[in-house]
Structure formats: structure tokens, C-alpha cells
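Step one of this worksheet: look at the structure below.
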Amino acid sequence: MPARVVDWGLFGLLGAALLTGLGTLLVGRPEGRWLFILHSGLGIAILPFLFWKLRRVFPRLMRPSRWDGAVAFSLMTTFLVAFTVGTGLVWALWLEPAGWPSGMNLHAYFALALAAVFWVHVLTRAKPLRVQDLRGRRWVLRALGAGLLAGLSWEAQEGISRWLNLPGSRRRFTGSREAGRFTGNAFPVTNWMLDRPAPLPLEQWKLHVHGAVRRPMTLSYAQIRELPQEETIAVLDCTGGWYTEQRWRGIRVGWLLDQAGVRPEARFVRFLSVTGYRWSLPLEEARRALLATHVGDEPLIHEHGAPMRLVAPGRRGFQWVKWVVEVEVLSAPDPGQWIAIFLSGLRSGSS
Ligand SMILES: Nc1nc2c(c(=O)[nH]1)N[C@H]1C(S)=C(S)[C@@H](COP(=O)(O)O)O[C@H]1N2
Ligand SMILES: [Mo]
């Protein structure tokens with residue numbers, strides 16, 4: 001395999017694996033399953049390329065006299081690729097480790113570290129691909145072989161998992177493992193960055209519905225409890241690698257919006273937490289979502305977002321905003337939400 005074909009092949013595969021991996025964090029519906037399959041195929045295709053690469057550079061790495069300043073990044077890149085693919089495989093097959101940090105968390109952390117270090121490695125080492133590197137047919141056949149291996153890997157892995165009855169055979173299409181069904185409040189708590197608000201006293205809490213509406217509203221918890229209640233069975237699937245199916249009860253967002261009278265320019269609905277955490281959904285999807293006060297037949301406990309949390313079926317857990325205090329109808333998307341989910345909890349109102 002020509003050296004530069006291997007190197008640029010790895011570059012392309014790692015880049016594509018990073019992009020598809022980030023993409024999977026947004027997929028919560030089975031229609032998006034192909035992205036997980038593509039991502040794992042890319043991960044497997046990295047292995048033969050890594051083998052070709054290491055076979056070539058190994059003798060040089062074994063001779064410290066030939067090391068230069070950038071070799072540290074080459075070594076770190078090697079280890080991080082191995083850990084990233086390794087944790088990905090272990091997680092897919094064994095779903096281990098299960099607690100925090102889960103195999104899924106570890107995979108993501110190694111991948112992010114890899115993305116940073118790999119960049120330096122490329123900047124210090126990259127050599128342009130030349131026409132002569134692409135001569136001959138052998139490398140094409142080998143690359144196709146790697147592609148075939150990748151293409152078969154998903155089915156093979158599913159088959160092996162089922163055959164050996166590995167924990168991996170019991171994962172959801174997102175890779176998440178089950179953490180209870182219909183348990184009421186007894187399912188895991190995840191605050192994924194800095195959010196740790198003090199409990200919100202029910203008598204003081206208010207829900208504000210405003211933005212592109214004709215009649216902005218402010219509702220107390222007592223008033224909310226008077227409104228028509230609806231139930232939804234939906235899966236909360238955390239990108240940290242666990243999911244739980246629950247029966248949620250609360251107020252349909254569409255019902256609230258009808259009361260408030262949505263203006264024609266409305267496009268999105270933003271759900272704001274008391275911590276500053278926020279997420280928005282397209283108007284029609286938001287209408288179908290629930291603002292839940294109950295799970296099973298129990299009132300939500302503080303840790304799960306009491307008095308009210310968003311239940312957005314088909315969305316990943318991080319989008320299910322907890323401790324909702326505002327529903328704001330927007331006429332444009334809200335790119336700032338991508339920053340808010342990382343920095344929320346820094347502002348006052350959190351303990
Ligand atoms: N305000 C706020 N809402 C949040 C979070 C958060 O940190 N702050 N974490 C999200 C994440 S990552 C997940 S998986 C779910 C977890 O909900 P749970 O703690 O009730 O299981 O809440 C989401 N809603
Ligand atoms: Mo999450």
C-alpha cells in the first residue's frame with residue numbers, strides 16, 4: 001500500500017468517523033440508524049489502514065535516535081486511534097463499562113482528544129498526495145478489501161453478539177443500553193455539563209409562554225394542574241449510553257400554543273431551563289411534544305426536572321430540557337442553544 005495513500009486514507013476515514021460520530025448524537029429515530037452503521041463501518045475500515053501505517057513506521061518509532069519534536073504527537077495519535085476504535089468496539093459488543101464514564105463516554109472523550117492531537121500530527125507530518133502515489137491497481141484492490149470488511153462488519157458484529165448472547169445484542173440502535181422501563185422516577189439522572197439548580201419551590205415556580213404569540217401567558221403550577229393532562233410513552237435516550245422507556249404525563253405543547261395564539265411568523269419553539277440550558281424544536285414537532293409534570297403516576301422529582309421538563313419523543317436526551325421556566329415561540333432558529341447547553345449553570349439561579 002503506497003505510504004501516502006495509507007496516510008490520506010486514514011485522514012479521510014478519521015475525518016468521516018468524527019463527523020458521522022458527532023452526527024449520531026442527534027439521531028433518535030430508527031430511520032437514522034444508517035448513520036450508526038456507517039460510523040461503525042468507518043471505524044472498522046480504520047483498522048487495516050492502521051495496520052499498514054504501523055507496519056511502515058514501526059521500525060522508525062523503535063529508534064529514538066530518529067525521533068524529532070513531532071514524534072510525541074505521532075505516538076499520541078497512534079494511541080488515541082487505538083483507544084477510540086477499541087472503546088467503540090468494546091462498547092458495541094459488551095456495553096462496558098456501563099456506569100459513568102460509560103464505554104460510550106470514553107469513546108467520545110478519546111475521539112475528541114484524538115481530533116485535537118491528530119490535527120497537530122497532520123500539520124507537522126502531512127505530505128501531498130502525488131499522481132505517482134495512485135499508480136497501479138493493487139492499492140485500489142486493498143482499499144476495496146478494507147471497504148468490504150467495513151461493509152460486512154455491522155452484520156458480523158450483530159451476528160456474533162446474538163450468537164454469543166453478548167450484552168451488545170441488547171442495545172438500542174443508538175447503542176444505548178436499557179436502564180429500566182416504566183419505573184416512575186427510578187431511572188438515571190444526567191446533568192451533562194454544569195447544571196445543578198436548587199430545587200424550585202412549586203409555589204414560586206411560573207411558566208412563561210411568550211415570543212411570537214398573540215397572548216403571552218404566565219401560569220402557576222396550580223394553574224398547570226387544572227389544564228387538560230395528556231400522556232405519552234416515550235424513550236429518553238441519553239447520548240451517554242443509556243435509555244429508559246417511560247409513560248410521561250403533562251401538558252401538550254400544542255395545546256399551550258393554541259391558548260397563546262401562535263403568530264404567522266412562528267417557526268420554532270424554544271424551551272428554556274431555569275439554569276439557562278435551552279433547546280428548540282421546529283413548530284410542528286414542538287406541538288406534539290409534552291411538558292411533563294409526571295412520570296408513571298409520580299410527580300417528577302427535582303433531579304428529573306420538576307416542576308416541568310420537556311418530553312420530545314424521537315429526540316436524544318440532551319434535548320429534553322429539565323426545569324423548564326419559559327416556552328418562547330421564535331421566528332428563526334436559535335444557534336446560540338449550542339453554546340447554552342455547554343455553558344448553562346454558570347449564571348445565577350444555579351446552586
Ligand atoms: N436543564 C437541563 N436539562 C437537561 C440536562 C441538563 O444538564 N440541564 N441534561 C440533559 C441530558 S444530557 C439528559 S440525558 C436528560 C436526562 O434526564 P434525567 O436526568 O431526568 O434522566 O436531561 C437533559 N435535560
Ligand atoms: Mo444525556
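Counting starts at 1 for both ligands and their atoms, in listed order. Computed from a predicted model, the values in this text were never measured in an experiment.
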- prompt: According to the interplanar angle, ranging from 0 to 90°, do the rings of Trp192 and Phe318 count as parallel (below 30°), tilted (30 to 60°) or perpendicular (above 60°)?
  reply: tilted
For Leu236, atoms of ligand 1 separated by under 4.0 Å from a heavy atom: 17 (O), 21 (O)
message: With no hydrogens and no angle check, just 3.5 Å: does a side-chain donor-acceptor pair link Ser40 and Gln157?
response: no
statement: ligand 1 to Trp320, heavy atom cutoff 4.0 Å, flagged ligand atoms 22 (O), 23 (C), 24 (N)
task: In sequence, state the C-alpha distance, the side-chain angles, and the governing distance for Asp258 and Arg252, and then conclude on salt bridge (Lys or Arg N to Asp or Glu O under 4.0 Å).
output: CA-CA 10 Å; Asp258 288 342; Arg252 185 77 54 187; over 6 Å; no
- request: Assess the side chains of Asp334 and Ser280: does a donor N or O sit below 3.5 Å from an acceptor N or O?
  value: no
- request: Please confirm whether Pro188 comes under 4.0 Å of ligand 1, counting heavy atoms of the residue only.
  value: yes
query: Judging by distance only, is a nitrogen or oxygen of Arg309 under 3.5 angstrom from one on ligand 1?
result: yes
message: Would Phe318 count as a polar contact of ligand 1, with the cut-off being nitrogen or oxygen pairs under 3.5 Å?
response: no
- prompt: Out of Arg316, Glu303, Lys322, whose heavy atom sits nearest atom 19 (O) of ligand 1?
  reply: Lys322
query: So Met1 and Val5, side-chain contact (heavy atoms from CB on, under 4.5 Å) or not? Walk me through it.
result: CA-CA 7 Å; Met1 207 59 181; Val5 172; 4.0 Å; yes
Check: Trp323 N/O within less than 3.5 Å of ligand 1 N/O: no
- prompt: Can you check side-chain contact (heavy atoms from CB on, under 4.5 Å) on Trp100 and Thr190, steps first, answer last?
  reply: CA-CA 10 Å; Trp100 196 92; Thr190 301; over 6 Å; no
message: What verdict does the ring-ring contact (aromatic ring centres under 6.0 Å, His included) test give for Trp139 and Trp52, after you've listed the backbone C-alpha separation in whole Å, the side-chain angles of each residue and the deciding distance to 0.1 Å?
response: CA-CA 11 Å; Trp139 75 266; Trp52 290 319; over 10 Å; no
- line: Quick look: Thr275 vs ligand 1, heavy-atom contacts under 4.0 Å, and the answer is side chain
message: Please classify the Ser273 to ligand 1 contact at 4.0 Å (heavy-atom distances, strictly less than): side chain, backbone, both or neither.
response: side chain
- prompt: For atom 16 (C) of ligand 1, what is the nearest protein heavy atom, given as residue, atom name and distance?
  reply: Thr190 O, 3.6 Å
query: According to the interplanar angle, ranging from 0 to 90°, do the rings of Trp119 and Phe11 count as parallel (below 30°), tilted (30 to 60°) or perpendicular (above 60°)?
result: parallel
query: Hey, which atoms in ligand 1 end up nearer than 4.0 Å to a heavy atom of Cys238?
result: 14 (S)
message: Walk me through whether Tyr277 and Trp323 qualify under ring-ring contact (aromatic ring centres under 6.0 Å, His included).
response: CA-CA 9 Å; Tyr277 196 100; Trp323 309 294; 8.4 Å; no
- request: Within a distance under 4.0 Å of any heavy atom of His304, pick out the atoms of ligand 1 and give their elements.
  value: 18 (P), 19 (O), 20 (O), 21 (O)
field: Over 12 foreign heavy atoms within 6.0 Å of CZ, Arg63
entry: no
task: Starting from atom 15 (C) of ligand 1, find the nearest protein heavy-atom neighbour and note its residue, name and distance.
output: Gly317 O, 3.5 Å
task: Looking only at protein heavy atoms, identify the closest one to atom 6 (C) of ligand 1 and say how far it is in Å.
output: Tyr277 CE1, 3.6 Å
- request: Tell me which part of Asp195 gets within contact of ligand 1: side chain, backbone, both or neither, using heavy atoms under 4.0 Å.
  value: side chain
message: At less than 4.0 angstrom from any non-hydrogen atom of Trp242, what atoms of ligand 1 do you find?
response: 21 (O)
- prompt: When you measure from the centre of the six-membered ring of Trp205, is the NZ or CZ of Arg309 under 6.0 Å away and within 45° of the axis?
  reply: no
- request: Distance to 0.1 Å, residue and atom name: give those for the protein heavy atom nearest to atom 7 (O) of ligand 1.
  value: Trp192 N, 3.2 Å
